[in-house]
Amino acid sequence: MDYSIETAPLEELQCDCMIVGVYQDRQLSPSALALNNSSQGLINNILSRGDIGGKNGETVLINAVPHTQIERILLVGLGENTPLSGKNYKKALLAAINSLKKTQIKSVVCCLAECAVIDRDWQWKARHIIEVFNDVAYQFTHTKSDKDTEIKLEKIAIAAPENERALAHSGLLQGKAIAEGMTLTKHLGDLPGNLCTPAFLAEQALELGKQYDSLTVKILEESDMAALGMGALLSVSRGSRQPAKLITLDYQRGEKNAKPIVLIGKGLTFDAGGISLKTAAGMDEMKYDMCGGATVLGVLLAAAQMQLPLNIIGLIPSSENMPDGDANKPGDILTSMSGKTIEVLNTDAEGRLLLCDTLTYAERYNPEVVIDLATLTGACLVALGRVASGLLGNDDALCNDLSAAGETANDSLWRLPLWEEYQEQLKSNFADMANVGGKDAGTITAACFLARFAEKFRWAHLDIAGTAWRTGQTKGATGRPVPLLSQYLLDRAQQSD
Ligand code: BES
Ligand code: MN
Ligand code: ZN
C-alpha cells in the first residue's frame, strides 16, 4: 500500500475515487461542498433524490462526474453535524472502505480527516484512517490458488490543509506502522496449525530481528528451558511432536538504564485440549490460540518502525497442546520455575502453565511493567462477548493507562476484579495450587493463577479470547489488541520525552 498526505486543491488530485463526508439533513462537509461546486451541483442533485440522507454509515458511490477530471465520488454519511465520537468516526470509515468491495478502485483520496472528532487531532485522524482502511483491505490468500482480493486498493491519500500537514504526516507514519503490525499479527493468526508451528513462529521472530537493528531476537530451546526449571511450560509440549520455543525479543531505543516494558504473548499454535480433549465443533479455531504471541510480534514491528524511544521486551512461550502417550494427565503435579507446585486438574487449562513460567522468567529483566496477552478463557467470551478484551491486574495506574489507550485506539478493554476471595477456588489437596478454579468466574480464576507469579512487578493481563479473531462467515484474525498496545506505547513514549 502506498500512503500520502495531499494538500493541493481536490480538483487537481488524480485518483480513482474521492471519499467525502455528508452530514445528516444533507449538509455537506467542506470537501463535499468543493466537489459540488466544481461539478455544477452534482452532489446536491444526488442528495435531493433521497438515496443518502447523511446518517452515519450510509454510502453512495457516484460513478461518473461530468465536467471534471474526477473519476468517482464516494459520499459517506457522518451523522449529526457536530464533532463525532471516536466510535462513530470509525463506523463511518468502516462504511467507506467496505463499500469499495467488489469495485475496481485502486487509489483513493480520503477527505474524511477534516471532520471534527471529539478530543482528536489530525494526527489521530490520519492514523485511524490508515489503520481502518488497511484492516478491511486485508484478505488472507496465502493458501488459496486464487490470490484475487475483494478490495483492490493500492494507494491511500489523505487530504489535509497545509497548516495540518506535519501532524497528519506523523499520523500517517504511525498508522502505517500499526497497520503493518496488525497485518503481521493477522497473517500469523490465520495461518493453519500445520504451517504455523512453534518453530515457524520462532523463525518469524528471527526474521523481524533481521529487519530492524533495534531488535535482538533469541530463541530458548527445550533444553534451555529445562535448565531454567520451567516445569510448567515444558509439561504442555510433552504431548506434542513439535518442540516448544520461548521466543525473546529485545527492543532497545530508550535510555540505557530505563526499565523495560515487558510484553508476554501466549503462543499456543494449536490447542486440542490435551488429554482433557476439546469437543470437535469449532476446534479448528484453536489455531488462533497463538494470537497473543502474534500480537507481541505485531506490536514490536510497529514500535520498531515508529522508532519509539522505549525499551521493550517481548516474550512468547510457544507450544502445541496435544493428546499423546507422554502428555500431561489430570492429577499430574508440576513444579514451576518459581518452585511453586501445580496440580493439573484439566490439561486444557494450558495457557496459564506457559504463562506462569514466562512471568517468572520476566523477573530477570527488572521490568517497569509486565503486560501479558492471551486467548486464555472461553469464559471471557461469556462475560464480555467479542466487543471488549478482558483486563485484570495488580496495579490500578497501569490498568487505567491501558483502558485509556483502548478507548483512544477504539480497541476496548473492560476490567474485571482480581479480589483475593477468588483465590480460594484454586486450592488443591495435593499441590500449592490447582490449574483450574471450577466453573464460576473462569476468567478471573485464570488471572488469579497468573497473579501468583506476578507478585514482584506491576502487572496486567489481557484476556483476548473474544477479540483476537472473528468466528462464522467472516472468520479471521482481527489484529487486536495491536492498536491498543501501540497506543499505550505511544502514550508511554510521550511521557518519557
Ligand atoms: N485457548 C483456550 C481458551 C479459549 C477457548 C479461547 C475458546 C477462545 C475460545 C484455553 O486454553 C482453554 O482451553 N481454556 C479452558 C479453561 C478451562 C479448562 C478452565 C476453557 O476456557 O474452557
Ligand atoms: Mn486450552
Ligand atoms: Zn489454549
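Atoms within a ligand are numbered from 1 in the order they appear, just like the ligands themselves. Along the sequence shown, residues carry numbers from 1.
Among protein heavy atoms, atom 10 (C) of ligand 1 sits closest to Leu376 O, 3.3 Å. With respect to atom 6 (C) of ligand 1, the closest heavy atom belonging to the protein is Ala465 CB, 3.6 Å. The protein atom (non-hydrogen) at minimum distance from atom 18 (C) of ligand 1 is Asn346 ND2, 3.4 Å. What sits closest to atom 16 (C) of ligand 1 on the protein, heavy atoms only, is Arg352 NH2, 3.9 Å. Protein heavy atom closest to atom 7 (C) of ligand 1, with residue, atom name and distance, is Met286 CE, 3.6 Å.
Residue Asp348: no N/O/S atom is found under 2.8 Å from the Zn ion (ligand 3). Ala374 lies apart from the Zn ion (ligand 3) in this respect, since none of its N, O or S atoms is found at a distance under 2.8 Å. With 2.8 Å as the limit, Asp289 does not count as an N, O or S neighbour of the Mn ion (ligand 2).
Ring geometry, Phe449 versus Phe453: the interplanar angle falls from 30° to 60°, so the pair is classed tilted.
With salt bridges taken as basic N to acidic carboxylate O contacts below 4.0 Å, none links Arg238 and Glu222.
Judged by distance alone, the side chain of Asn56 and the main-chain N or O of Asn88 form a donor-acceptor pair under 3.5 Å. A donor-acceptor contact shorter than 3.5 Å links the side chain of Asp224 to the backbone of Glu221. Under a 3.5 Å cut-off, the side chain of Glu58 and the backbone N or O of Lys55 do form a donor-acceptor pair. Judged by distance alone, the side chain of Lys287 and the main-chain N or O of Gly189 form no donor-acceptor pair under 3.5 Å. Of the possible donor and acceptor atoms, none in the side chain of Thr141 sits under 3.5 Å from a partner among the backbone N and O of Lys144.
Counting heavy atoms under 4.0 Å from ligand 1, residue Lys278 touches it through the side chain alone. Counting heavy atoms closer than 4.0 Å to ligand 1, residue Asn321 contributes nothing at all. With a heavy-atom cut-off of 4.0 Å, Lys266 touches ligand 1 through its side chain alone. When heavy-atom distances to ligand 1 are checked against a 4.0 Å cut-off, Asp348 comes that close through both its backbone and its side chain. At a heavy-atom cutoff of 4.0 Å, ligand 1 is contacted by no atom of Phe449, backbone or side chain.
Residue-ligand proximity, Val436 to ligand 1, at heavy-atom distances under 4.0 Å covers atoms 19 (C). Ligand 1 places these atoms under 4.0 Å from at least one heavy atom of Glu350: 11 (O). Near Gly378, the atoms of ligand 1 lying under 4.0 angstrom from a non-hydrogen atom of the residue are 3 (C), 4 (C), 5 (C), 20 (C), 21 (O).
The Mn ion (ligand 2) forms the vertex of an angle spanning OD2 of Asp271 and O of Asp348; to the nearest 10 degrees it equals 170°.
Within 6.0 Å of the CG atom in Asp213, the count of heavy atoms belonging to other residues, nucleotides or ligands does not exceed 12.
The name of the N, O or S atom in Glu350 nearest to the Mn ion (ligand 2) is OE1.
The minimum heavy-atom distance linking Asp357 with Gly231 is given by the pair OD2-N, 3.4 Å.
Within the 4.0 angstrom cut-off, atom 1 (N) of ligand 1 has one or more protein heavy-atom neighbours.
Remark: of the listed residues Asp135, Thr467, Asp411, Asp411 is the sole one forming a side chain to side chain donor-acceptor pair (under 3.5 Å) with Arg480.
A cation-pi contact, defined as under 6.0 Å to the ring centre and within 45° of the axis, is absent between Lys186 and Phe140.
At least one heavy atom of Trp469 sits closer than 4.0 Å to an atom of ligand 1.
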